[in-house]
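To start, the structure under review is shown below, and the notes come after it.
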Amino acid sequence: MTSEVIIDVQPKEISIALLEDKNLVEYQNEKREEASYSVGNIYLGKVRKLMPGLNACFVDVGSERDAFLHYLDLGTQFNSYEKYLKQVQSDKKKLYPISKATRQPDVPKEGSITMLKQGQEILVQVVKEPINTKGPRLSCDLSFAGRYMVLIPFGDKVSVSSKIKKGEERARLKQLVQSIRPKNFGVIVRTSAEGKRVAELDGELKMLLKRWDDTITKAQKATKTPQLCFEETGRAVAMMRDLFDPTYDGIYVNDADIMNQVKDYVSMIAPEKKDIVKLYTGTVPIFDNFNVTKQIKSSFGKTVNYKRGAYLIIQSTEAMHVVDVNSGNRTRSENGQEQNALEVNLGAADELARQLRLRDMGGIIVVDFIDMNLAEDRQLLYERMCKNMQKDRARHNILPLSKFGLMQITRQRVRPAMDVNVEETCPTCFGKGKIKSSILFTDQLESKIDRLVNKIGIHSFSLHVHPFVAAYINKGLWSLKRQWQMKYGWGIRIIPSQKLAFLQYEFYDKDRQFIDMQEEIETNS
C-alpha cells in the first residue's frame with residue numbers, strides 16, 4: 001500500500017489530506033489566523049466560577065466559552081504545580097529550576113473542587129477542543145508529547161508502552177530512560193521508541209525539556225491572564241505530528257516555508273525519510289493534481305455512495321451520529337436476499353471505517369445495517385468492522401449487532417467532527433435563482449482583466465475558473481486566452497480549479513497570493 005500526504009497551504013487556512021493507494025482516508029483543515037484551542041496547548045488560565053455540584057469549575061483561557069475543568073482532571077501532582085508556579089512568579093528575573101522544587105502530597109481522589117479559589121491562576125492543558133456549544137475541556141496534568149516519549153513534569157515513574165511485547169526491550173528502554181531523565185520528571189516511552197539508540201532518545205528528551213522551560217518561562221513573565229504558554233511552532237507541523245508515519249512514500253507541500261518546517265520536523269523524528277518531503281510547483285491546484293478535491297466533494301455530505309449502487313445516509317446530532325445502510329438500485333445476488341444483504345453490509349463496513357477517519361467522527365455512532373438472518377453472517381460483519389478499524393489511531397469500541405440489526409460504536413472525540421459542505425451556492429445569483437446571461441460571463445472576466453492590467457497595474461496573474469469554463473477559454477487556435485494575451489499581455493494564465501462553482505472565478509498574483517478584486521477596486525478608486 002502506498003501512502004502520501006498532500007498539504008495545501010492557503011493564506012487563511014491549511015488543509016492536509018492522507019491518501020492510501022490514492023484513496024482519501026483522512027482530511028484535516030484548520031484556520032491560520034483565528035485563535036485555535038487545539039489539543040495539547042497550555043495556558044495560564046484564571047478560575048472563573050466554581051461548580052461544587054459538578055465538582056468542577058470553569059476556567060478563562062480566552063475561548064468564547066469558558067473551559068471546563070473537573071476535579072479528577074486536576075491530576076495527582078496539582079499541589080506541586082501550584083507551589084512551583086508561585087515560586088516562579090515570585091521572581092520575574094530568574095527562573096527557579098524544577099529540579100530544586102519540592103514535591104507536595106498527592107491530591108486525594110475523593111476531594112472537592114473547592115480547594116481552588118475564584119480568580120486563582122493555574123496552568124492548564126487542552127485535552128478536548130471546543131465542540132458545538134461546549135468550551136474546551138482542560139487538565140492540570142501537563143504532558144509534552146514527542147515521537148518516542150511523553151514528558152510529564154512532576155512525575156516520578158518511567159512507563160513503557162504495552163504494545164512493546166519483548167521483555168528484554170521493555171527492560172532496556174526503562175533502564176535507559178531512567179538513567180537520562182532529570183529529577184522531578186516522569187516519562188512514558190512510546191511504541192515508536194522500540195529499537196532506538198540512547199542518542200536518539202536523549203536528543204528528543206532534551207527537546208521536550210526545552211519545551212517545558214519555554215512554557216514555564218512564558219507563565220513567569222505573563223503580564224495578563226489568560227496567556228498562551230505553549231503551542232506547536234506551526235499548524236502544519238502540529239497536524240503532521242498526529243498523522244506522520246515512517247511508511248509514507250511522499251509528502252507534498254505547495255508552500256516553501258511550510259515545506260521547510262515539515263522537512264525539519266521529519267528530519268528530527270525520522271532522518272532517513274527527510275527526502276520524501278517535496279515542494280509542489282505545478283500550476284494546477286495541488287488538491288486537483290492529486291485528485292483530492294473530487295474525493296472531498298464525493299465523500300462528504302449526507303449521502304455517500306459506494307459499491308454498485310449502495311449508499312450510506314449519515315446524519316449527526318448533538319448526542320450521536322446515525323448511519324443508515326441502503327442497497328439502493330443494486331441488483332440482487334444470484335444466491336438470494338441473504339447473500340445480497342451480506343455483500344451490501346460488508347461494503348458498508350469498509351466505507352464506514354473510512355468515513356469515521358475521514359470525518360473524525362467521535363462520540364456515539366449507531367449504524368443500521370440491512371437485516372441478516374444467519375448468525376454467522378452477523379459475526380462475519382462484526383469481524384470485518386473490527387479489522388477495518390485497526391488502522392484507526394483514535395481509541396474506539398465496537399459492539400456486535402443487536403437483535404434489531406444495529407451496531408453501536410464509540411470513538412474518541414477530542415475535536416469537532418470534520419464537516420465539509422459539498423453543496424454549492426451559485427456565486428452569481430447567491431441563491432436567488434436568476435443570473436445574468438451565461439454567454440456574457442467571458443465579457444465579465446475580460447472587464448476584470450482590463451481593470452487589473454490597466455487601472456490596478458498587475459500584469460502577471462492567474463485566473464482560476466471551473467474546468468468547463470477553462471476548456472471553453474482555451475478552445476481553438478485563436479482562443480479567448482490568446483486574444484486576451486495579445487490585448488493585455490502575456491502574463492495571463494488560465495488555471496482550471498475543481499473547487500470552484502461553474503460561474504465562479506478567482507485571481508492570483510505571480511506569488512500565488514489571492515487578489516481580492518473588491519478590495520483592489522476600493523483601494524484604487
Side-chain angles (χ1 to χ4, degrees), residues 6-17 29-34 234-236 251-263 277-293 296 424-425 427-428 430 440-475 479-525:
I6 316 300
I7 303 178
D8 181 22
V9 181
Q10 297 297 330
K12 294 184 179 180
E13 63 183 14
I14 295 179
S15 301
I16 293 185
N29 175 276
E30 290 198 18
K31 304 296 181 184
R32 300 182 69 181
E33 298 176 353
E34 296 181 4
R235 300 311 309 150
I251 300 174
Y252 301 91
V253 193
N254 64 346
D255 181 271
D257 292 336
I258 299 298
M259 188 273 292
N260 289 329
Q261 291 181 24
V262 173
K263 195 164 190 173
V277 183
K278 301 174 183 177
L279 179 65
Y280 175 78
T281 57
T283 55
V284 176
I286 187 170
F287 271 9
D288 289 6
N289 183 71
F290 289 94
N291 197 34
V292 175
T293 305
I296 290 174
E424 298 175 348
T425 300
T428 306
F430 301 103
L440 300 178
F441 179 60
T442 53
D443 293 342
Q444 181 182 359
L445 290 179
E446 184 173 356
S447 70
K448 299 291 184 182
I449 293 172
D450 179 62
R451 176 175 287 276
L452 269 179
V453 174
N454 296 322
K455 294 194 176 180
I456 300 177
I458 300 176
H459 298 276
S460 182
F461 55 86
S462 301
L463 171 59
H464 289 225
V465 290
H466 188 277
F468 289 175
V469 177
Y472 176 74
I473 293 174
N474 289 312
K475 179 182 177 183
S479 63
L480 274 175
K481 174 185 173 182
R482 183 61 58 85
Q483 295 176 43
W484 291 344
Q485 288 176 332
M486 293 287 289
K487 188 175 180 180
Y488 301 105
W490 297 95
I492 302 174
R493 292 188 301 169
I494 307 299
I495 307 296
S497 178
Q498 296 176 8
K499 75 174 184 179
L500 299 179
F502 186 59
L503 295 182
Q504 192 176 4
Y505 58 90
E506 293 178 348
F507 286 96
Y508 291 84
D509 63 22
K510 61 182 179 180
D511 298 320
R512 299 189 181 184
Q513 297 298 312
F514 175 71
I515 302 174
D516 189 336
M517 289 299 296
Q518 186 62 37
E519 182 179 324
E520 294 289 351
I521 290 171
E522 292 173 356
T523 303
N524 291 274
S525 61

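Considering Asp8, Ile14, Ile7 in turn, Ile7 is the only one that fulfils the side-chain contact (heavy atoms from CB on, under 4.5 Å) rule with Val253. For the side-chain contact (heavy atoms from CB on, under 4.5 Å) criterion with Met259, the lone passing option out of Val9, Asn254, Leu279 is Leu279.
Defined by atom type and a distance below 3.5 Å, a donor-acceptor pair is present between the side-chain atoms of Asp288 and Thr293.
Shown here for Tyr280 and Arg512, the closest heavy-atom pair between the two residues is O-NH1, 3.8 Å. Among all heavy-atom pairs drawn from Val284 and Pro496, the shortest one is CG1-O, 4.4 Å.
With Gln485 contributing its side chain and Ile492 its backbone, the two residues share a donor-acceptor pair below 3.5 Å. Looking at Asp255, its side chain does come within 3.5 Å of a backbone N or O of Asp257 through a donor-acceptor pair.
Between Phe290 and Tyr252, the two ring planes are tilted [angle within 30° to 60°]. Ring geometry, Phe441 versus Tyr505: the interplanar angle falls from 30° to 60°, so the pair is classed tilted. Relative orientation of the Tyr508 and His464 rings is tilted, given thresholds of 30° and 60° on the angle between their planes.
Going from atom CD of Gln10 over to atom CD of Gln513 covers 9.0 Å, rounded to the nearest 0.5 Å. Distance check: Ile251 CD1 to Lys263 NZ gives 10.5 Å after rounding to the nearest 0.5 Å. Taken to the nearest 0.5 Å, the CH2 atom of Trp484 stands 5.0 Å off from the CG atom of Leu445. Atom CD1 of Ile515 is separated from atom CD1 of Ile458 by 4.0 Å, given to the nearest 0.5 angstrom. Residue Ser460 holds its OG atom at 6.5 Å from CZ of Arg493, rounded to the nearest 0.5 Å. With rounding to the nearest 0.5 angstrom, the CD atom of Gln483 is 8.0 Å from the CD atom of Glu446.
Between Phe287 and Lys499, the closest side-chain pair of non-hydrogen atoms is not below 4.5 Å.
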Let me see the working for Val469 and Leu500 under side chain to side chain contact (heavy atoms under 4.5 Å, CB included), right down to the final yes or no. CA-CA 10 Å; Val469 177; Leu500 299 179; over 6 Å; no
